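Notes follow once the structure below has been shown.
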Amino acid sequence: MTYTEDVRAGERRHRVRDRHGWPRRLTVLCAGLLLALLGTAAPASAHAALRGTDPADGTVLRTAPRQVTLTFTESVGLLTDSFRVYDPRNHRVRTGEADHVPGRSDTARVTLPARLGTGTYTLVWRVVSADSHPVSGALTFSVGRRTAADLAPERTEDPATTTLYNIARYVAYLAVALLLGTAAFVAYCRPRTRDQLRRPALAAGWTLAAATAALFLLRAPYEEGTGPASALGLSAAARTAATRPGELLLARLLLLAVAGACALSVRRWRAAVPRRAVLTAAAVLAVALCLTWAAAEHASAGLQVPVAVASATLHLLAMAAWLGGLTALLLTLRRTAPEAAEPPAHVATRFSRLAFASVTVLVVTGVYQSWRGLGSWQALTGTPYGRLLLAKLAAVTLLLAVASRSRRWTARLAEPAPVPLAGRVPQPAGGPPPPPEPEPPAAPRPSPDRLRRSVLAEVAVGVVVLVLTTLLTSTLPGRAEAEAARSGTAAAGIPAASVTTIPFDVGTPGGHGKVQVTLDPGRVGANFVQAVVYGPDGGLSAVPEVRITLTLADRRIGPLDTRVTDRGGYWAAGSFDVPLPGTWTMKVTVRVSEVDQVTVSRTVRVVR
């Protein structure tokens, strides 16, 4: 065997091993993606922040209010059981039906009974923000005087429902990227193996339809915070269909059905349908499909909604063309026959131009969406949204670096192979011609294997970018968080007062429990201090003495005695002055008998 034959045989063996290794690598990639999805399936952060309440949280009123009003940073939707009011004994109070203040979609209210007794009442609420995410929280108000109110049941997310809903959201994003990216790849790059890409496109379409159907069924329990079993009722589906998120999900299913019918028609009457008409119909369907996301996420609420919706639609289209097209290119290179005379260089070159245009659109729309979501430079590092955005920026930078390497390999594949010169040797007069010189071997064309590996790396990093993008859609934007902070309320509507629960145990039978200390409003200046002691059974416990002190060690201030007094079931101080902001050490001394007492401590954050 000659040297050239040995080299060619080695290349064939390498290609065979490489082709057998691709399914394993793709399997590992899919498994890693699934783990990433399951690991990041956390409850979505609130997107509408509570701006203010009337009455204000923690206030003491002389007379009972006739209604409670909550104002948010964006418009909110109401559920069938959005507001629950509990009296001082933790019994639910009958209220009127919740509705919006006329002309104010961002303000909701609930009517209270005409007569409310003396004591502290708790309002637990749950609404749906304009960008389709549920928001919940609680507040308290007192009539006449403060009393020790039992803890009202929290309206938290159901872990199973939230996990399933978030997984369906991730799968839907991946499926639309593969579906639209494959279609754009076939339409623009025109690979010879386009028939081989039909199966992945069909799989992506069916997966997107299944994920959308799952989102529609899980929508009602996701909003209500109930278990997945409640999604099986017809009433839940009817409630979802009457909401804007439900309408958009149904529109998405209808668009997928229309796209499937058009694809079957084009395949049957391919010769009779003009290519331009097919491309126009596909573009219209793709834009409409992406609108069902843009009209339900961050872009649908806040400032400059029309521009934001258009930007989000273009961002999703460009993302699908790039990342979905990468997957289609990977499959095309993977299925290229080893004995092919020429690698699909023209396909890779065309996709390189498509990817460059997609990246340009992603950068422009991404900068706009970042400005709209952040609102300030401080939010870039001081909010979860900003930190996620920085992580996405780092991943996109890595993706661009890998893409530039792919472009270099694409350019090398597109170069024509050098042709050896076969010149004539002059013959001397009167003599036989000399033997011809051996032709130099032609330079081998670069193997497409390196391009395949580079594209695979692009796909892997692209999956990370897509996961971070989905996480951003479920995180409170920095602009909304800053607006909520300026209004003095917590981002998710949690009361602004500082509430600290400290367990204690004096070491005697029945001598353990917990103390709930409320520092209202938890800021520099005058604060109302309240301490409620709970016994071993979780009920209120009367103790002979409670003492609470605060110390700011780094400024050598304290201990400052709050001088709480027994108010008949709870301990309180009407006005306690906190001089400086910082992390204070709160020490609570609980005496349960004449000789048994214990001192426990916790840190408390006081803001300006």
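All values reported here derive from a predicted model rather than from experimental measurement. Heads up: numbering here begins at 1 and tracks the sequence.
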task = Could you list the residues that satisfy side chain to side chain donor-acceptor pair (under 3.5 Å) with S230, not counting sequence neighbours?
result = T226
For A168 against L215, the heavy-atom pair lying closest together = CB-CD2, 3.6 Å
message = Tell me the closest heavy-atom pair linking A320 and L180, and the distance in Å.
response = CB-CB, 3.8 Å
note = Residue pairs meeting side-chain hydrogen bond (donor to acceptor under 3.5 Å, both in side chains), one or both in residues 277-292, sequence neighbours left out, come to R252-T292
task = For residues M319 and L316, report the shortest heavy-atom separation together with the two atoms involved.
result = CE-CD1, 3.0 Å
query = Are the side chains of R219 and V128 in touch, meaning some heavy atoms are under 4.5 Å apart?
reply = yes
A328 to L197 - nearest heavy-atom pair and separation = O-CD2, 3.9 Å
inquiry  = If I take atom NZ from residue K392 and atom CG from residue L389, how far apart are they, to the nearest 0.5 angstrom?
reply    = 7.0 Å
remark   = Taken to the nearest 0.5 Å, the spacing of L323 CG from L362 CG works out to 7.5 Å
key: Flag, side chain of T163 to backbone of A160, donor-acceptor distance under 3.5 Å   = no
inquiry  = Could you go through N166 and T162, starting from their C-alpha distance and side-chain angles, then the distance that decides it, and tell me whether this counts as side-chain contact (heavy atoms from CB on, under 4.5 Å)?
reply    = CA-CA 6 Å; N166 285 333; T162 304; 3.5 Å; yes
key: Reported CG-to-CG distance for the pair L179 and L174, which is rounded to 0.5 angstrom   = 12.5 Å
query = What's the shortest heavy-atom distance between E247 and A242, and which atoms?
reply = OE2-O, 4.3 Å
inquiry  = For a quick test of reading the model, state the closest non-hydrogen atom pair linking A312 to A294 and the distance between them.
reply    = CB-CB, 3.8 Å
ask   = Looking at side-chain heavy atoms only, is the closest gap between L248 and R244 below 4.5 Å?
value = yes
query = Roughly how far apart are L218 CG and R169 CZ, rounded to 0.5 Å?
reply = 12.5 Å
inquiry  = Tell me if a side-chain donor or acceptor on R126 pairs with a main-chain N or O of E223 at a distance below 3.5 Å.
reply    = yes
query = Hey, are the side chains of W322 and F351 touching, using non-hydrogen atoms and a 4.5 Å cut-off?
reply = yes
query = Taking the side chain as C-beta and beyond, is there a heavy-atom pair between L79 and S82 under 4.5 Å?
reply = yes
ask   = Under 30°, 30 to 60°, or over 60°: which ring-plane class applies to Y165 and Y222, parallel, tilted or perpendicular?
value = parallel
ask   = Excluding sequence neighbours, so at least two apart, what forms side chain to side chain donor-acceptor pair (under 3.5 Å) with T313?
value = none
T182 side chain reached by T327 side chain, heavy atoms, under 4.5 Å = no
V76 vs V135 side-chain heavy atoms within contact, under 4.5 Å = no
request  = Answer yes or no: is there a side-chain heavy-atom contact under 4.5 Å between V361 and L317?
outcome  = no
remark   = Residues passing the side-chain contact (heavy atoms from CB on, under 4.5 Å) test with A187, sequence neighbours excluded, are L279
message = Could you work out, with side-chain contact (heavy atoms from CB on, under 4.5 Å) as the rule, every residue matching A175, not counting sequence neighbours?
response = T207, L208
ask   = Can you find a heavy atom in the side chain of S129 that is under 4.5 Å from one in the side chain of F72?
value = no
message = Just to verify, what does R104 make a side chain to side chain donor-acceptor pair (under 3.5 Å) with, not counting sequence neighbours?
response = D106, T107
key: Verdict with reasoning, H315 to Y368, per side-chain contact (heavy atoms from CB on, under 4.5 Å)   = CA-CA 10 Å; H315 195 83; Y368 170 74; over 6 Å; no
ask   = Judged by atom type as modelled, is there a donor-acceptor pair below 3.5 Å linking the side chain of S311 to the main-chain atoms of V307?
value = no
note = Interatomic distance, OG1@T240 vs CG@L250, rounded to 0.5 Å, equals 9.0 Å
ask   = What's the spacing between F185 CZ and T332 OG1 if we round to 0.5 Å?
value = 3.5 Å
